[in-house]
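Have a look at the structure below, then the notes.
A, B, ... follow the sequence lines: proteins, then strands. Residue 1 opens every chain. Side-chain atoms are counted along with the backbone in the values below, which use heavy atoms only and exclude waters and symmetry mates.
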Number of protein chains: 2
Amino acid sequence: MGQQSKQMTEMLKGTLEGIVLALLATGPAYGYEITARLRDQGFVDIAEGTIYALLVRLEQKGQVDVEKVPSEKGPPRKVFTLNAQGREALDEFWSSWAFLAERLAHLKAEGDK
Amino acid sequence: MGQQSKQMTEMLKGTLEGIVLALLATGPAYGYEITARLRDQGFVDIAEGTIYALLVRLEQKGQVDVEKVPSEKGPPRKVFTLNAQGREALDEFWSSWAFLAERLAHLKAEGDK
DNA sequence: CTCCACTATTCAGTGTTACTATCTACTGGT
DNA sequence: ACCAGTAGATAGTAACACTGAATAGTGGAG
């Protein structure tokens, strides 16, 4: 398991959950698939265990619906679907993110002059 | 002590340190002042204790130089100055942030269509 | 003179989160 | 029979922001 910078690890705290919610907003998916998609999108060092734990959390918070679906190539998949509560959480995430991104853009501009 | 959303609290993990580094890049400052400036910039619910702990961390990592300066209106101030190592850490922070912001912008665009 | 507000820092304890490492389990190919 | 790929679970650890409280100095209101 490759390891990414500690910087990125800390930065992902709080945002990774939003990222997964955003992925699920494009359609249902299961853990292994989500990990693979994240890797494709450049998050090459996300630990699989992290995603599974995060999905358990989403389920416990009632933000996703879960369905067990048999797979042709391995154990059954747990397919997660974003529900209304999840969509609401995603909206909140985006608004928090927007605030932070706006503040940081401002700070960066300050530093560049 | 007001409390902000849990969302923002988690999102600040890893970024707050970068934010403080960025503030220090504009000039030396002491803890109480940094907290006040953050409040002015919209981070109304940053806990003071958090900033002081963070500054201790920066000092231990050797990213800031410290000088004790008497104050006319209270106990002496600990004035922090960003040094070369701190500037390097700030650069790394900005590049991590740029990656994450770019990925999230992409994800948001996906979700919006 | 005493109390309070503001300035300024510190610290012990808590909760949340991502990571590490390991384990289980099913399929197909060599 | 073994191994690679698929799929999920979990116990333990480290890092970080927050809570709440304590200490300490100054100046002004009563």
Side-chain angles (χ1 to χ4, degrees), chain A residues 1-21 29-39 43-61 66-80 89 93 96 100, chain B residues 1-21 29-39 43-61 66-80 89 93 96 100:
Chain A
M1 204 67 49
Q3 81 162 9
Q4 57 199 333
S5 70
K6 233 174 59 184
Q7 185 107 77
M8 185 56 79
T9 290
E10 289 308 321
M11 213 176 277
L12 282 175
K13 289 187 184 177
T15 56
L16 186 54
E17 200 168 302
I19 290 170
V20 170
L21 286 174
Y30 55 97
Y32 191 83
E33 181 191 4
I34 292 173
T35 308
R37 277 211 244 163
L38 287 174
R39 287 201 215 286
F43 297 99
V44 277
D45 292 309
I46 302 274
E48 274 190 67
T50 299
I51 299 301
Y52 289 117
L54 191 158
L55 287 169
V56 166
R57 242 157 48 217
L58 293 185
E59 188 181 353
Q60 279 168 352
K61 287 194 277 188
V66 190
E67 196 191 355
K68 209 158 209 167
V69 175
S71 163
E72 319 89 36
K73 327 180 64 176
R77 298 163 174 167
K78 279 179 73 177
V79 175
F80 297 85
F93 168 75
S96 290
L100 195 58
Chain B
M1 204 71 50
Q3 82 163 7
Q4 59 199 332
S5 70
K6 230 175 64 184
Q7 185 105 74
M8 186 55 82
T9 291
E10 292 307 322
M11 211 177 279
L12 282 175
K13 289 187 182 176
T15 55
L16 185 55
E17 198 168 303
I19 290 170
V20 170
L21 286 174
Y30 55 98
Y32 192 83
E33 180 190 5
I34 291 173
T35 308
R37 276 211 244 163
L38 286 174
R39 286 200 216 286
F43 298 99
V44 276
D45 292 309
I46 301 273
E48 273 189 72
T50 298
I51 298 300
Y52 288 115
L54 191 157
L55 288 168
V56 167
R57 242 157 47 219
L58 292 185
E59 186 180 356
Q60 278 167 353
K61 288 195 277 188
V66 190
E67 197 190 356
K68 210 157 209 168
V69 176
S71 163
E72 319 87 38
K73 327 180 65 179
R77 300 163 173 168
K78 278 179 71 177
V79 175
F80 296 85
F93 167 75
S96 290
L100 196 58

Sugar-phosphate only, base, or nothing, as touched by A:Ser71 at under 4.0 Å among non-hydrogen atoms: sugar-phosphate
Among A:Ile34, A:Ile46, A:Val20, the one residue meeting side-chain contact (heavy atoms from CB on, under 4.5 Å) with A:Leu54: A:Val20
Nearest-nucleotide pick for B:Ile46, side chain only, options being D:dC18, C:dC6, D:dA15: D:dC18
Side-chain ion pair, B:Arg37 and B:Glu33, N-O less than 4.0 Å: yes
N or O in side chain of B:Tyr30 less than 4.0 angstrom from C:dA8 OP1/OP2: yes
Sugar-phosphate, base or nothing in reach of B:Gly31, heavy atoms under 4.0 Å: sugar-phosphate
Shortest side-chain distance from A:Glu10, nucleotide among C:dT9, D:dA15, D:dT19: D:dA15
Residue A:Lys13, side-chain atoms from C-beta onward, closest of D:dT6, D:dT19, C:dT17: C:dT17
Sugar-phosphate, base or nothing in reach of A:Glu72, heavy atoms under 4.0 Å: sugar-phosphate
A:Gln7 side-chain N/O to B:Phe93 backbone N/O, donor-acceptor pair under 3.5 Å: yes
A:Pro75 side chain, from C-beta outward: closest of D:dT19, C:dC26, C:dT17: C:dC26
Closest to side chain of B:Ala47, choosing from C:dT9, D:dC18, C:dT7: D:dC18
Touch class at under 4.0 angstrom, heavy-atom based, for A:Gly14 against every strand present: sugar-phosphate
Phosphate OP1/OP2 of C:dT10: any B:Lys78 side-chain N/O under 4.0 Å: yes
Touch class at under 4.0 angstrom, heavy-atom based, for A:Thr9 against every strand present: sugar-phosphate
Selection from C:dC19, D:dG8, D:dA17 that lies nearest to any side-chain heavy atom of A:Tyr52: D:dG8
Among C:dA18, D:dG8, C:dT9, the nucleotide that comes nearest once only the side chain of B:Arg77 is considered: C:dT9
Minimum-distance nucleotide to A:Glu17 side chain [options: C:dA8, C:dT17, D:dG8]: C:dT17
